[in-house]
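Notes follow once the structure below has been shown.
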Amino acid sequence: MAPTPARLVVLVSGAGTNLQALLDACADPAYGAQVVAVGADRDGIEGLARAERAGVPTFVARVKDYTSREHWDRAVADKVDAFDPDLVVSAGFMKLAGAAFLERFGGRYINTHPALLPSFPGMHGARDALEHGVRITGATLFVVDDGVDTGAIVAQVAVPVEDDDTVETLHERIKVAERAMLVDTVGRMAREGWKVDGRRVRLGR
Ligand code: GAR
């Protein structure tokens, strides 16, 4: 009998192309994972529409609907928990996880970022790398901790900056490499397991 696929909950705030790459990969049973739910911090985004088209349950938790950021954080943690995930993937989810969320999902909450961390953390990884004038940037998948894009690194991919790049062309080129890295690494985590040892993440059991 095939092993039970790992349960993924994916969090999104926008276009959801990374989510789509995971949904497409999960269509193959050999991938070893399934997206069991997609959560968002806002309505009306393409990421949610992608989940709905794939028949995946969705939930939305908007910060402004809660009395405090802590209350919101606990609510998101509860909603994610209800789907009993093995791994929670932030794929363009533009909110920082709080203490309650990390208490429950620490070590199995990963985030993909459009720069080679620890360079250019924050909301504008592609723009900040372009403005700094680096010739190589890329994307980083890391295990979320209580800092801003400071967690232990699972995988990285390098992307050259071209002379005529704009923020948009650079970010789009990063996203092509980022999606491949995300799909490859999440699949390996699902099939082989992983271990966080200080700053080092090792795939495999
Ligand atoms: C991705 O490039 C992701 O790395 C970035 O948002 C994009 C989402 O694209 N996330 C961050 O910048 C987080 N700091 P998508 O909605 O098409 O998957």
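Order of appearance sets the numbers: ligands from 1, and atoms from 1 within every ligand. Index from 1, following the sequence.
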(message) Are there over 12 heavy-atom neighbours, none belonging to Arg53, within less than 6.0 Å of that residue's CZ?
(response)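 Enclosed.
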Atom indices of ligand 1, in the order listed, that fall short of 4.0 Å to a heavy atom of [X]:
X: Thr112; value: 3 (C), 4 (O), 10 (N)
X: Ala15; value: 16 (O), 17 (O)
X: Lys175; value: 2 (O), 9 (O), 15 (P), 17 (O)

(request) For ligand 1, indicate whether the residue Glu178 contacts it via side chain, backbone, both or neither (heavy-atom separation under 4.0 Å). (result)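 Side chain only.
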(message) Residue-level breakdown please: for His113 versus ligand 1, do any non-hydrogen atoms fall below 4.0 Å on the side chain, on the backbone, on both, or on neither?
(response)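 Both parts.
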(request) Would you mind checking which non-hydrogen protein atom is closest to atom 7 (C) of ligand 1, with the distance to 0.1 Å? (result)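 Nearest neighbour among protein heavy atoms for atom 7 (C) of ligand 1, to 0.1 Å: His171 NE2, 4.0 Å.
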(message) Considering non-hydrogen atoms of the protein only, which is the closest contact for atom 5 (C) of ligand 1, and what is the distance?
(response)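 In this structure, atom 5 (C) of ligand 1 has Pro114 CD, 3.8 Å as its nearest protein heavy atom.
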(request) Can you figure out which of Gly125, Gly92, Ser13 has its heavy atom closest to atom 6 (O) of ligand 1? (result)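 Among Gly125, Gly92, Ser13, the closest heavy atom to atom 6 (O) of ligand 1 belongs to Gly92.
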(message) Is there a side-chain contact (heavy atoms from CB on, under 4.5 Å) between Glu172 and Val176? Walk through the geometry before answering.
(response) CA-CA 7 Å; Glu172 279 312 309; Val176 173; 5.9 Å; no
(request) Please test Arg188 against Trp194 for side-chain contact (heavy atoms from CB on, under 4.5 Å), starting from the C-alpha separation and ending with a verdict. (result) CA-CA 9 Å; Arg188 287 194 60 196; Trp194 71 94; over 6 Å; no
Give a yes or no on whether a salt bridge exists between [X] and [Y], defined as a side-chain N under 4.0 angstrom from a carboxylate O.
X: Asp73; Y: Lys95; answer: no
X: Arg62; Y: Asp65; answer: yes
X: Asp41; Y: Lys64; answer: no

If we only consider heavy atoms of [X], is any one of them less than 4.0 Å away from an atom in ligand 1?
X: Glu46; value: no
X: Met94; value: yes
X: Gly122; value: yes
X: Val12; value: no

(request) Could you tell me which residues satisfy salt bridge (charged side-chain N to carboxylate O under 4.0 Å, His left out) with Arg69, sequence neighbours excluded, listed by chain and number? (result)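 Arg69: no salt bridge (charged side-chain N to carboxylate O under 4.0 Å, His left out) contacts found.
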(request) Answer yes or no: does an N/O atom from Gly16 fall short of 3.5 Å to an N/O atom of ligand 1? (result)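 Yes, Gly16 has an N/O under 3.5 Å of an N/O on ligand 1.
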(message) Regarding ligand 1, does Asn111 bring an N or O atom to under 3.5 Å of one of the ligand's N or O atoms?
(response)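 No: no nitrogen or oxygen of Asn111 is under 3.5 Å from one in ligand 1.
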(request) Could you label the plane-to-plane angle of the Phe142 and His113 rings as parallel, tilted or perpendicular, counting under 30° as parallel and over 60° as perpendicular? (result)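 If you compare the ring of Phe142 with that of His113, the planes turn out perpendicular.
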(message) Quick one, Arg179 and Gln20 - any side-chain contact, counting heavy atoms below 4.5 Å?
(response)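 Not touching, per the 4.5 Å side-chain cut-off.
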